[in-house]
Amino acid sequence: METWIDIPKNSDFSIHNIPFGIFSTKNLKNRVGIAIGEMILDLKLSSELGVFDHLTFDFSVFDNKFLNDFISLGKSITNDVRLTIQKELSDSFSVLRNNSSVLIKQSDAQMHLPLKIGDYTDFYSSIEHASNIGSMFRDPSNPLLPNWKHIPVGYHGRASSIIASDIDIHRPKGQVLLPDQKKPVFQPSSRVDFELEMGFVIGKKSNLGDSISTDEAEDYIFGNVLFNDWSARDIQKWEYVPLGPFLGKSFASSISPWIVTIEALDLYKVKGPEQTPKVLSYLEYSGMKNYDINLEVSIQPEGSKESIVCSSNFKYMYWNMVQQLAHHTINGCNINVGDLMASGTISGKDKGSYGSMLELSWGGKNPVTLDDGSSRVFINDNDSVIMRGYCEKDGKRVGFGEVRTKLKGSK
Ligand code: CA
């Protein structure tokens with residue numbers, strides 16, 4: 001597939017990708033676009049030019065602050081929209097080519113949170129991450145809790161504090177139990193951390209009481225984003241017993257602005273790790289359900305250069321998305337379009353692939369040296385954390401761009 005648009009080599013936004021997002025410019029209010037190379041194709045304007053006239057749906061879904069209405073049209077429409085765009089961007093005689101106003105430079109646009117997120121669930125599905133945490137806080141010889149290999153463990157998080165890329169956050173304050181103390185103190189967290197995760201967006205609702213099988217699950221997934229699940233380790237450590245994460249997590253999570261459809265990721269499917277012991281039948285699945293997505297985390301101190309601190313891959317996940325969704329709904333819990341599910345921290349086997357500072361610095365014991373000579377055990381004030389991800393196979397690259405968030409001092 002060739003396109004008449006000039007796309008830089010190694011662009012995440014090749015003709016094979018066509019990810020959806022919400023953008024605005026000085027002159028255009030929030031609307032739906034797709035990323036192609038360094039440009040954004042304005043789908044509202046494209047629809048006015050008749051590009052989608054062969055499809056039957058209400059084009060006002062493109063004149064919208066969120067993607068929920070578009071996604072709600074269902075895959076039979078949204079996949080056709082994506083394929084139509086691919087065809088138009090490949091066709092030298094496309095009407096789009098003669099209307100330069102449909103293409104906007106990404107550098108001239110602002111990206112927004114693409115979804116109205118109803119519910120958000122976070123899993124804990126990387127065996128390397130769960131084992132690292134278990135080794136640090138419990139028993140290195142037996143790091144996994146007895147349920148871990150039977151259940152994709154998860155918890156219900158907070159949707160209101162999920163933010164777009166390029167929005168600053170503040171160091172959270174809360175209760176912390178200092179070493180060798182019996183009573184907590186109230187103070188700014190001194191252990192603010194990132195968690196490298198992938199999020200997936202629900203594209204189809206289910207009804208209360210119904211369960212989604214692993215065979216059906218992909219039909220309910222619209223696409224994926226990069227997900228930085230900000231965490232305050234000291235607040236988390238004091239509060240999490242017995243009901244799990246709360247204020248140590250809910251102050252912010254950031255997502256990348258472009259939703260890459262699972263259809264665009266199809267080429268990059270790989271086999272997942274062997275699951276032993278055998279999982280219960282509702283968690284069994286057939287085919288390849290893991291994805292080979294290269295992931296990277298950088299820290300950029302204020303006024304300094306970026307240092308890569310982690311290189312991981314989504315393919316390491318022990319529990320995959322279809323198992324997570326089957327488990328989430330096995331009790332009849334319903335899901336809605338725009339719900340967001342996150343994978344849990346994605347760590348690999350090597351030290352450089354650990355997806356959080358908690359693991360990289362091993363609980364704060366081993367500082368990580370950045371390229372500018374400074375060192376970190378957790379995230380400092382005015383550091384930006386940047387996550388990137390892409391797939392590559394047969395000369396075809398599909399990527400996510402980045403999610404970038406600066407941590408400012410406490411309010
Ligand atoms: Ca998490």
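By convention here, the first residue in the shown sequence is residue 1. Numbering of ligands and ligand atoms starts at 1, following listing order. Note that this is a predicted model, so its numbers are computed, not measured.
A donor and an acceptor atom, one from each side chain of Ser410 and Lys173, are nowhere located under 3.5 Å apart.
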Using ring-ring contact (aromatic ring centres under 6.0 Å, His included), reason through Phe314 and Tyr316 one step at a time and then give a plain yes or no.
CA-CA 5 Å; Phe314 193 38; Tyr316 298 142; over 10 Å; no

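Counting only distance, with no hydrogens or angles, the side chain of Trp230 and the backbone of Glu195 share no donor-acceptor pair below 3.5 Å. The backbone N or O of Asp119 sits less than 3.5 Å from a side-chain atom of Asp339, completing a donor-acceptor pair. Under the 3.5 Å distance criterion, the side-chain polar atoms of Arg191 are matched with a main-chain donor or acceptor of Gly363.
Stacking of Lys44 on the aromatic ring of Phe62 is not recorded, the 6.0 Å distance cut-off and the 45° axial limit not both being met.
The Ca ion (ligand 1) has Asp122 OD2, Glu195 OE1, Glu197 OE2, Asp229 OD2 as its protein N, O or S neighbours under 3.0 Å.
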